[in-house]
Amino acid sequence: MSAFEQLVQLTQSPGPTGFEGAAAQTAAELLRPLADEVWTDAMGSVLGVKRCGKAGAKKILLDAHLDEVGLIVTGHDRGYLRFSTLGGIDPRILPNREVTVLTTPPLTGIVSGALPEDGDKAAAMSDLRIDVGLSQQEAQARVPVGTPVAYRESTFRLGETRVAGKSLDDRSCFYLLLRTLELLRERELDVDVYVLGSVGEEVDSRGAITATYGIAPDCAVAVDVTFGSSADCSGDECFPLGSGPVIGVGPNIAQWMFRRMKAKAEAEEIPYSVEVMAGSTGTNGWDIQILREGIPTAILSLPLRYMHTPLEVIDLGDVEQCARLLAAFVGRIGEEALSCGN
């Protein structure tokens, strides 16, 4: 199965934060051929381990979250659905947007709402509704309060190397972890490699916190997206698509891991950028670092355009380069780095 086909499977499985079941099931199916053991924990996160076969081996955790931003039904208004957001969504992108209401079977809906009289202002979230084409009685019977809602978009190629679609934040990075395991098949490992598809990152990182606590890894890498340059985003805070991995540096990142990541990129001739993360990184790495007695953590990012919108964009070349870098980083890390301090 090609990278694009796996991305289609992952992104088209609905998984708004807190309701990741379908996405987790797809992730587990794709992970199973690459790991020695795969399971789902009590929070709904997907875990897999590739063992090195050495007694008492140290453990490295690679994390990418499975949840996507979405909506949740809060009430009914003349047949329309009132809603709130699951994760950070700009209300300006919602009017006239198609969505999937995750009932059984799912319903297609359209976000509707009057635009404000002042054209310079966005419609307030409280003024928006979802039109599912039902009467008030039908809507109340078929769409209970608490029903999650996901963006309704296809996943498609954009040009020769790019992919557009919903939930590429962060399903593209979970695919990146799958690709990393493929590259590690031919390498001798000296650590057990744990892969985590975590739930709940868009609200509180609960999946990463609980799974990491249970695994108790010796170090971890949080893999997530960062802002890719676009027509309205350029400069130091955005990174060009096609320019390779973005390596985080700052107080959330163990310095020996940052140095090792850079050294491996240079040794493998992988182009990379450095992102200064002076405070909270906005990733699971922020919480993983301070679990138990402290877990050395690195952050590896994939440039992505139009974050948290229904049509995000990534470059498949960046995905491959990130996977190459991560595989090189993991290889022989037990003997070379895990004894290092910060």
Side-chain angles (χ1 to χ4, degrees), residues 4-27 44 64-74 80-113 122-134 139 142-143 146-158 162-175 197-203 224-225 227-228 230 232-233 282 302 304-314:
F4 176 72
E5 290 170 331
Q6 291 187 63
L7 281 172
V8 169
Q9 281 198 345
L10 285 165
T11 56
Q12 291 303 298
S13 298
T17 191
F19 302 89
E20 300 93 345
Q25 182 177 350
T26 299
H65 68 88
L66 294 176
D67 58 317
E68 60 187 289
V69 295
L71 311 172
I72 186 168
V73 175
T74 59
Y80 298 97
L81 308 178
R82 294 196 301 269
F83 64 87
S84 185
T85 58
L86 296 171
I89 296 178
D90 189 330
R92 293 175 296 178
I93 69 170
L94 289 176
N96 303 316
R97 181 66 61 185
E98 292 184 32
V99 295
T100 300
V101 181
L102 297 173
T103 50
T104 304
L107 294 171
T108 298
I110 301 171
V111 179
S112 64
M125 195 74 75
S126 60
D127 293 332
L128 299 176
R129 300 288 186 269
I130 298 173
D131 184 353
V132 286
L134 300 176
R142 296 182 60 181
V143 189
T147 300
V149 179
Y151 292 138
R152 184 176 184 266
E153 294 290 348
S154 62
T155 303
F156 56 92
R157 290 187 178 275
L158 189 68
R162 292 176 183 172
V163 172
K166 74 171 190 69
S167 66
L168 288 165
D169 173 12
D170 193 33
R171 311 272 175 78
S172 59
C173 290
F174 187 79
Y175 166 72
S198 54
V199 300
E201 188 272 349
E202 297 293 356
V203 288
D224 209 330
V225 296
F227 291 100
S230 61
D232 61 349
C233 182
L302 176 72
L304 172 140
R305 286 179 178 165
Y306 321 128
M307 193 179 297
H308 286 196
T309 74
L311 286 170
E312 299 169 324
V313 178
I314 60 163

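Heavy-atom basis, side chains included; hydrogens, waters and symmetry copies ignored.
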side-chain hydrogen bond (donor to acceptor under 3.5 Å, both in side chains) with [X]: which residues, sequence neighbours excluded?
X	result
Gln9	none
Gln12	Thr155
Ser198	Asp63, Asn284

Who pairs with [X] by side-chain contact (heavy atoms from CB on, under 4.5 Å), at least two apart in sequence or on another chain?
X	value
Val101	Leu81, Thr103, Leu107, Ile130, Val132, Val143, Thr147, Val149
Thr100	Leu102, Pro106, Arg152
Ile72	Phe19, Ser84, Leu86
Glu202	Thr17, His65, Asp67, Val69, Asp169, His308

[Y] side chain reached by [X] side chain, heavy atoms, under 4.5 Å:
X	Y	result
Leu7	Phe174	no
Glu68	Thr11	no
Cys173	Val225	yes
Ile93	Tyr151	yes
Arg129	Arg82	yes

What is the distance from atom [atom1] of [X] to atom [atom2] of [Y], rounded to the nearest 0.5 Å?
X	Y	atom1	atom2	answer
Arg162	Leu168	CZ	CG	13.0 Å
Asp170	Leu10	CG	CG	10.5 Å
Ser172	Leu302	OG	CG	5.0 Å
Met307	Asp90	CE	CG	13.5 Å
Ile314	Tyr306	CD1	OH	13.5 Å

On a heavy-atom basis, which atom in [X] and which in [Y] lie closest, and how many Å separate them?
X	Y	value
Ala22	Pro14	CB-O, 3.5 Å
Asp131	Gly133	OD1-N, 2.9 Å
Gly15	Ala23	CA-CB, 4.2 Å
Val111	Val99	CG2-CG1, 4.0 Å
Pro91	Met125	CB-CE, 3.8 Å

Measure from the side-chain N and O atoms of Glu20 to the backbone N and O of Gly200, and report whether any donor-acceptor pair falls under 3.5 Å.
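Looks like yes, one N/O pair under 3.5 Å.
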Around atom CZ of Arg142, are there more than 12 heavy atoms from other residues, nucleotides or ligands closer than 6.0 Å?
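Counting neighbours around CZ of Arg142, 12 or fewer heavy atoms of other residues, nucleotides or ligands fall under 6.0 Å, so no.
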Please check if atom CG in Leu311 has more than 12 non-hydrogen atoms from other residues, nucleotides or ligands closer than 6.0 Å.
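More than 12 within 6.0 Å, yes.
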Partners passing salt bridge (Lys or Arg N to Asp or Glu O under 4.0 Å) against Glu312 (at least two apart in sequence or in another chain):
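None.
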Walk me through whether Arg171 and Thr26 qualify under side chain to side chain contact (heavy atoms under 4.5 Å, CB included).
CA-CA 11 Å; Arg171 311 272 175 78; Thr26 299; over 6 Å; no
